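Some notes on the structure that comes next.
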Amino acid sequence: MTPQPDPEAGAAVKAADRAHVFHSWSAQELIDPLAVAGAEGSYFWDYDGRRYLDFTSGLVYTNIGYQHPKVVAAIQEQAARMTTFAPAFAVEARSEAARLIAGRTPGDLDKIFFTNGGADAVEHALRMARLHTGRPKVLSAYRSYHGGTQQAVNVTGDPRRWASDSGTAGVVHFWAPFLYRSRFYAETEEQECARALEHLETTIAFEGPSTIAAVVLETIPGTAGIMPPPPGYLAGVRELCDKHGIVLVLDEVMAGFGRTGTWFAADLYDVVPDLMTFAKGVNSGYVPLGGVAISSEIAATFATRPYPGGLTYSGHPLACAAAVATINVMEEEGVVENAAALGASVVGPGLRELAERHPSVGEVRGTGMFWAVELVRDRETREPLVPYNASAEANAPMAAFAAAAKKAGIWPFVNMNRTHVVPPLNTSEAELKEGLAALDTALSVADEYVR
């Protein structure tokens, strides 16, 4: 589609938004949301006709881009046939979505409990773990994000938790591995892995293994910085959980459904959790959908004992039809393979080349279409470009970087002192190179703040 400027319509959309929409994670009078007129493929545009290459995939969920015709058609067809139906019934779209998801999850995660999104998937996974074990505590990592609902935000390990942290949620945080900013004084990935596992094992011992229901981890942390764990770490966590009868929950809400160049990030590490949460890419975010993939052992807990939880819109037919179409499109068009191939041949090398030329880049890390660029004031000291949880004037360098990126034609995913490169998985090589060129321009602005 060719963007058609219509500033008057854009002004009306913006006015209604500012008058009535309450935005998440925001001080309402300090934001200026862009009025979006349309989107297609890897691009979206505003009412002034300005087009942006979306390097955010929405919120890392439009894994097959915007308005894929086969998924749009599937939603239309489902709406014409059966728009909605209660979750207690067997419905074709719901059954088929569950079958297709279970066919791609690792190990015996063959039962699917549908939710409306990732946060409530985490809520239910932790409820299942507590009921299965009869234990109260959950261990989760700093530098993590698991959602905005009450339990999910309490297991989150970033500042968004602080305002809602009651201190009574039964959550204990620990440090997961991250060599670039190691909490273990490690110098190699092997040291970081061993010391992180020792730290977790000690935490379990001092908290009391018999009190811990679950360890929950993002397989590859997303919003917190896209930090692939070192080889052996997740296998070590699996071993610790097995030793103490603790449920391992892997959160694949952001990393799942091809984002890492595999169907799930767990496939990269040959680890099978007891519970796996998903959302976002399951249907490219076209209709809200999430869920929990459940092992046979935990599913058996509720074979004759009712599971005390549910949602009115669990397995909504429109959302499930979108999931069926999305998964089929990903198979037919080789979307997962494309993410792996272009991540290895274009994105990774391109970002590393930028790092060589821009002193503001401290580290590049990632896999598939899941990358982070860590921005620093000083490469030697690794001082972040902006302080942790910076806002207002303290965040000016990152704000300047983001503004430069938008001016250059890409919409960046910016969090703290990082920009994440997370475009749709079917973005073309030419589009990726266009985005990298725009990122090159924006990084020159970040370079101005280097000491």
Side-chain angles (χ1 to χ4, degrees), residues 109 113 115 117-177 183 196-197 199-224 229 233-234 236-255 266 271-279 290-295 297-299 301-302 307-309:
L109 303 180
F113 177 80
T115 65
D120 49 356
V122 171
E123 294 272 345
H124 284 279
L126 297 182
R127 186 182 302 181
M128 291 174 188
R130 283 172 163 145
L131 291 168
H132 175 71
T133 62
R135 302 173 179 178
K137 291 181 187 174
V138 172
L139 269 56
S140 65
Y142 291 112
R143 302 191 186 108
S144 68
Y145 181 71
H146 296 285
T149 51
Q150 185 61 22
Q151 182 67 42
V153 82
N154 270 270
V155 296
T156 286
D158 76 17
R160 285 172 287 186
R161 180 187 83 252
W162 298 348
S164 303
D165 192 341
S166 61
T168 59
V171 177
V172 177
H173 287 90
F174 63 93
W175 290 107
R183 304 309 303 166
L197 286 171
H199 163 67
L200 176 57
E201 185 171 25
T202 301
T203 302
I204 291 171
F206 277 73
E207 285 298 326
S210 64
T211 71
I212 300 168
V215 172
V216 56
L217 286 167
E218 292 176 277
T219 312
I220 297 178
T223 308
Y233 178 72
L234 289 176
V237 175
R238 173 76 275 179
E239 185 177 338
L240 285 172
C241 288
D242 289 342
K243 178 180 178 180
H244 297 292
I246 297 169
V247 172
L248 176 58
V249 181
L250 289 184
D251 182 338
E252 294 255 2
V253 169
M254 190 172 284
V271 171
V272 179
D274 302 295
L275 297 167
M276 177 184 285
T277 62
F278 64 87
V292 185
I294 307 165
S295 69
E297 181 181 355
I298 294 181
T301 298
F302 305 103
Y307 172 64

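Keep in mind that what you see is a predicted model, and the values were worked out from it rather than measured.
A heavy-atom distance below 4.5 Å is found between the side chains of Leu200 and Leu240. Looking only at side-chain heavy atoms (C-beta outward), Arg183 and Tyr142 stay at 4.5 Å or farther from each other. Between Ile212 and Glu207 the shortest side-chain heavy-atom distance falls below 4.5 Å. For the pair Met128 and Phe113, the minimum side-chain heavy-atom distance is below 4.5 Å. Counting heavy atoms from C-beta outward, Leu275 and Leu250 have side chains that stay 4.5 Å or more apart. Between Val215 and Phe174 the shortest side-chain heavy-atom distance falls below 4.5 Å. Taking 4.5 Å as the limit, every side-chain heavy atom of Leu197 sits out of range of all side-chain heavy atoms of Glu201. Annotation: side chain of Leu234 is in contact with side chain of Leu217 (closest heavy-atom distance under 4.5 Å).
Remark: Asp274 pairs with Arg238 by the salt bridge (Lys or Arg N to Asp or Glu O under 4.0 Å) rule, at least two apart or across chains. Residues meeting the side chain to side chain contact (heavy atoms under 4.5 Å, CB included) test with Val272, sequence neighbours left out: Pro106. With sequence neighbours excluded, no residue satisfies salt bridge (Lys or Arg N to Asp or Glu O under 4.0 Å) with Glu297. Legend: residues meeting side chain to side chain contact (heavy atoms under 4.5 Å, CB included) with His244, ordered by chain and number and at least two apart, are Ile204, Pro209, Ile246. Under the rule for a salt bridge (Lys or Arg N to Asp or Glu O under 4.0 Å), Glu123 has no partner lying at least two apart in sequence or in another chain. Checked against side chain to side chain contact (heavy atoms under 4.5 Å, CB included), Arg130 has the following partners two or more places apart in sequence or in another chain: Val138, Gln151, Ala213. Qualifying side chain to side chain contact (heavy atoms under 4.5 Å, CB included) partners for Ala121, counting only residues two or more places apart in sequence or in other chains: Thr115, Thr277, Val292. Partners of His132 under the ring pair (Phe, Tyr, Trp, His ring centres under 6.0 Å) rule, at least two apart in sequence or in another chain, do not exist in this structure. Here Phe302 pairs with Tyr307 under the ring pair (Phe, Tyr, Trp, His ring centres under 6.0 Å) rule; sequence neighbours left out. By the side-chain hydrogen bond (donor to acceptor under 3.5 Å, both in side chains) test, Thr219 pairs with Glu252, sequence neighbours left out. The salt bridge (Lys or Arg N to Asp or Glu O under 4.0 Å) check on Arg135 picks up nothing, with sequence neighbours excluded. When the side-chain hydrogen bond (donor to acceptor under 3.5 Å, both in side chains) test is applied to Ser140, the partners found at least two apart in sequence or on another chain are His173.
A donor-acceptor pair under 3.5 Å is absent between the side-chain atoms of Asp242 and the main chain of Glu239, judged by distance alone. For the pair Arg161 (side chain) and Thr156 (backbone), a donor-acceptor distance under 3.5 Å is present. Using modelled atom types, no side-chain atom of Lys137 and backbone atom of Val172 make a donor-acceptor pair closer than 3.5 Å.
Closest of all the heavy-atom pairs between Gly118 and Ala279 is N-CB, 3.4 Å. Here the closest heavy-atom approach between residue Tyr233 and residue Ala196 is recorded as CE1-CB, 3.8 Å. The minimum heavy-atom distance between Gly148 and Ala119, with the atom names listed, is N-CB, 3.8 Å.
Atom-to-atom distance recorded for Asp165:CG and Arg160:CZ is 14.5 Å, nearest 0.5 angstrom. Note that OG of Ser295 is 11.5 Å distant from CE of Met276, once rounded to the nearest 0.5 Å. To the nearest 0.5 Å, the span separating CD1 on Ile294 from CG on Leu109 amounts to 9.0 Å.
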